[in-house]
Amino acid sequence: MLFTSFKIVSLMVCVFAMVQTSICGDPDILGDFIAPAGVPINGSFFTFTGMREWVRQTGSPSYFQYLRASKDEFPALDGLSVSTILLGFRPGDVSPPHVHPRASELLLVVQGNLLVGFVDTNNKFYTSRLQTGDMFVFPKGLIHFQLNEDTENPAFSISSLGSASPGLILVPNNLFNTSATIDDRVMALSFKTNVSTIHLLEKALSTPYN
């Protein structure tokens with residue numbers, strides 16, 4: 001009886017550990033920050049200058065801009081559970097439906113207006129039209145998008161994400177434009193269409209959004 005109870009408790013602990021692992025973001029670190037071997041640790045290590053051109057620009061961007069500062073671009077972020085994305089939208093530009101599997105996203109519109117939205121796991125759609133100075137939060141792991149509806153003026157936004165490595169799943173590309181494309185029959189049946197339509201989508205998504 002005691003052994004059975006022990007097994008049940010052990011199973012509960014394992015399940016709890018797996019749940020905690022699945023719902024948390026970056027793991028906790030045992031120091032103030034992570035110092036890579038062989039890298040001088042001074043003020044420069046904690047400084048990232050890759051956004052200067054984006055911040056200084058005026059007028060409309062010449063293409064859809066997506067600038068990221070995650071631990072890949074900014075190693076000092078490793079273990080600190082934060083990263084940043086800057087977006088520059090031409091008139092009519094869209095940031096297509098996508099997912100950050102390891103982070104929630106807090107977006108601030110710094111210029112222009114954006115239509116934003118996400119779909120939750122109950123298939124409920126939440127949307128809002130944001131003006132300059134407005135903020136919107138996208139919960140972790142949910143499909144979301146941003147659209148500049150203005151056909152004459154650009155829009156710019158800054159997003160903070162709760163992971164140094166938030167990940168990015170670009171839904172249209174991941175489904176229709178991957179190196180190992182899902183079988184066309186599976187796609188046609190899943191989207192209740194035919195293989196010819198799937199081929200058209202694959203061809204359209206073979207070119208970048210810019």
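One is the number of the first residue; the rest follow in order along the sequence.
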Identified side chain to side chain donor-acceptor pair (under 3.5 Å) partner of E105 from the options S160, S163, S83, S159: S159

Ring centres of F33 and F46 under 6.0 Å apart? yes

Does some side-chain heavy atom of S70 sit less than 4.5 Å from a side-chain heavy atom of S165? no

Could you go through residues 182-196 and list every donor-acceptor pair under 3.5 Å that involves a side-chain atom there, pairing it with any protein atom two or more places apart or in another chain?
from, atom 1, to, atom 2, distance (Å)
D183, OD1, R185, N, 2.8
D183, OD1, R185, NE, 3.0
D183, OD2, R185, NH2, 3.0
D184, OD2, H199, NE2, 2.7
S190, OG, V186, O, 2.7
T193, OG1, T197, OG1, 3.2
N194, OD1, S196, N, 3.3
N194, OD1, T197, N, 2.8
N194, OD1, T197, OG1, 2.9

Between E149 and R129, does at least one N-O distance fall below 4.0 Å, as a salt bridge requires? yes

Do the side chains of R90 and S60 get nearer than 4.5 Å, heavy atoms only? yes

Atom of F45, atom of I34 and distance for their closest heavy-atom approach: CZ-O, 3.8 Å

Solution key, residues 109-119 side-chain donor-acceptor pairs under 3.5 Å, sequence neighbours excluded:
none

When hydrophobic residues are tied together by side-chain contacts of less than 4.5 Å, even through go-betweens, does L107 share a cluster with F156? no

Might you point out which heavy atoms bring L80 and D32 nearest each other, and give the distance in Å? CD2-O, 3.8 Å

Taking C-beta and beyond as the side chain, do Y66 and L168 meet within less than 4.5 Å on heavy atoms? yes

Would you say V99 and L205 are hydrophobically clustered, going by side-chain heavy atoms of ILVMFWY under 4.5 Å? yes

Mind telling me whether H100 and H144 have parallel, tilted or perpendicular rings, with 30° and 60° as the class edges? tilted

Nearest non-hydrogen partners of A164 and D26, listed with the distance: N-OD2, 2.7 Å

